[in-house]
Amino acid sequence: MNRLTTLFFMAAVVAPLQAYADPHFYQCQVMSDAYIKADGSLDVLRDSPRVGEKFTVIKGTGEVIGDVMDALNNPKVIPSIGGKYSYKVIWEQKAEGSGGAFVDYLNIDEFVKGKKKPFGFFSGSLLLTGLCE
C-alpha cells in the first residue's frame, strides 16, 4: 500500500462520524458491548473500552480498518438485492488443531432512512452494536 493510501485510511479511521461520509466506506462507532451469558441473557458491559471506538469498513471488500475487532482475514461480502436488505460481511477462520471454524458476522442496516445506519457485529458470544455513516 502506498503512502497516500495509508494516510487516507488513517484519516478515515480517526475522522469524526459527522465529518466523513463516502459511498465506498462506512465509518462506524461502537455504542454498546455485550456478551451472551450461559443462561442465554445478555450482559452489557458498562465500562467497556470498546464503547466510543471507531472503525472503517470498505464496502466493496468488507475489510475492516481499526482496532475495535481482532484481525479479521478474508472477508466475504454477502450480496444484497436492491436497497431493502442489510449490508453483510462474514469471516470464517479455521480453528487450530481441529476441523472446526470460527465465524464472525457484521450486519449494517443500510436500508434505514437517514445518514446513520445501525450495525451489529457478532463474534462467538460477543455482540457489538452502534452506528455507521
Side-chain angles (χ1 to χ4, degrees):
M1 206 180 304
N2 67 33
R3 277 192 144 141
L4 184 58
T5 305
T6 302
L7 288 172
F8 175 75
F9 286 138
M10 293 302 293
V13 170
V14 298
L17 282 174
Q18 299 81 7
Y20 185 77
D22 186 291
H24 306 293
F25 302 93
Y26 277 117
Q27 179 74 18
C28 305
Q29 184 170 14
V30 177
M31 308 286 286
S32 69
D33 183 356
Y35 288 89
I36 301 169
K37 297 191 301 188
D39 67 2
S41 64
L42 200 58
D43 183 14
V44 178
L45 304 175
R46 304 267 181 239
D47 297 325
S48 170
R50 290 187 184 109
V51 172
E53 292 291 316
K54 297 176 185 171
F55 62 94
T56 300
V57 180
I58 301 172
K59 290 181 182 181
T61 64
E63 292 175 82
V64 173
I65 301 166
D67 290 334
V68 176
M69 303 164 203
D70 292 336
L72 299 171
N73 298 317
N74 304 318
K76 181 179 178 186
V77 176
I78 307 300
S80 64
I81 302 167
K84 59 184 181 177
Y85 298 99
S86 300
Y87 173 84
K88 298 173 181 70
V89 181
I90 60 170
W91 295 265
E92 183 179 355
Q93 300 174 48
K94 295 185 188 235
E96 284 188 38
S98 73
F102 298 104
V103 177
D104 298 313
Y105 170 69
L106 173 66
N107 183 84
I108 301 174
D109 290 339
E110 59 185 8
F111 59 84
V112 172
K113 290 185 172 128
K115 288 183 178 182
K116 296 182 180 186
K117 314 294 183 186
F119 80 84
F121 173 76
F122 305 89
S123 180
S125 62
L126 168 70
L127 168 61
L128 299 176
T129 65
L131 296 171
C132 298
E133 279 192 50

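Note that these values count all heavy atoms, side chains included, but never hydrogens, waters or copies made by symmetry.
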Hey, could you give me the CD/CH2 distance between Glu63 and Trp91, rounded to the nearest 0.5 Å? 10.0 Å

Side chains of Phe119 and Tyr26 in contact at under 4.5 Å (non-hydrogen atoms): no

Does Phe102, at its CZ atom, have more than 12 non-hydrogen atoms belonging to other residues, nucleotides or ligands within less than 6.0 Å? no

Shortest non-hydrogen contact between Pro75 and Gly62, atoms and distance: CB-O, 3.6 Å

Hydrophobic clustering (ILVMFWY, side-chain heavy atoms < 4.5 Å, transitive) - are Leu128 and Val51 grouped together? no

If I compare all heavy atoms of Gly60 with all of Val77, which pair ends up nearest, and what's the gap? O-CG2, 4.0 Å

Would you say that Leu72 contacts Gln93 through its side chain, given a criterion of any heavy-atom pair below 4.5 Å between the two side chains? yes

Ile108 CD1 to Ser86 OG distance, which is reported to the nearest 0.5 Å: 9.0 Å

Can you measure from CG (Asp104) to CZ (Phe122) and round to the nearest 0.5 angstrom? 11.5 Å

Side-chain heavy atoms under 4.5 angstrom apart, residues restricted to Ile, Leu, Val, Met, Phe, Trp, Tyr: same cluster for Val30 and Leu45? yes

Got a second to check how far Arg50's CZ is from Leu126's CG, nearest 0.5 Å? 5.0 Å

Should Val112 and Pro118 count as side-chain neighbours, where that means a heavy-atom distance under 4.5 Å? yes

In terms of heavy-atom contacts, does CG of Asp39 have more than 12 from other residues, nucleotides or ligands at under 6.0 Å? yes

Do Leu127 and Val57 belong together in a cluster built from hydrophobic side chains that touch within less than 4.5 Å? no

Does the side chain of Gln29 reach to within under 4.5 Å of the side chain of Lys54, using non-hydrogen atoms? yes

Atom CG of Leu106 and atom OH of Tyr87: how far apart are they, to the nearest 0.5 Å? 7.0 Å

Can you measure from CD1 (Ile36) to CG (Asp43) and round to the nearest 0.5 angstrom? 11.0 Å

Would a distance-only check, ignoring hydrogens and angles, find a side-chain to backbone donor-acceptor pair under 3.5 Å from Lys117 to Gly114? yes

Side chains of Arg46 and Val44: closer than 4.5 Å at any heavy-atom pair? yes

Out of curiosity, does Ile78 fall in the hydrophobic cluster containing Val103 (side-chain heavy atoms, cut-off under 4.5 Å, transitive links)? no

Please say whether more than 12 non-hydrogen atoms of neighbouring residues, nucleotides or ligands are located less than 6.0 Å from NZ in Lys37. yes

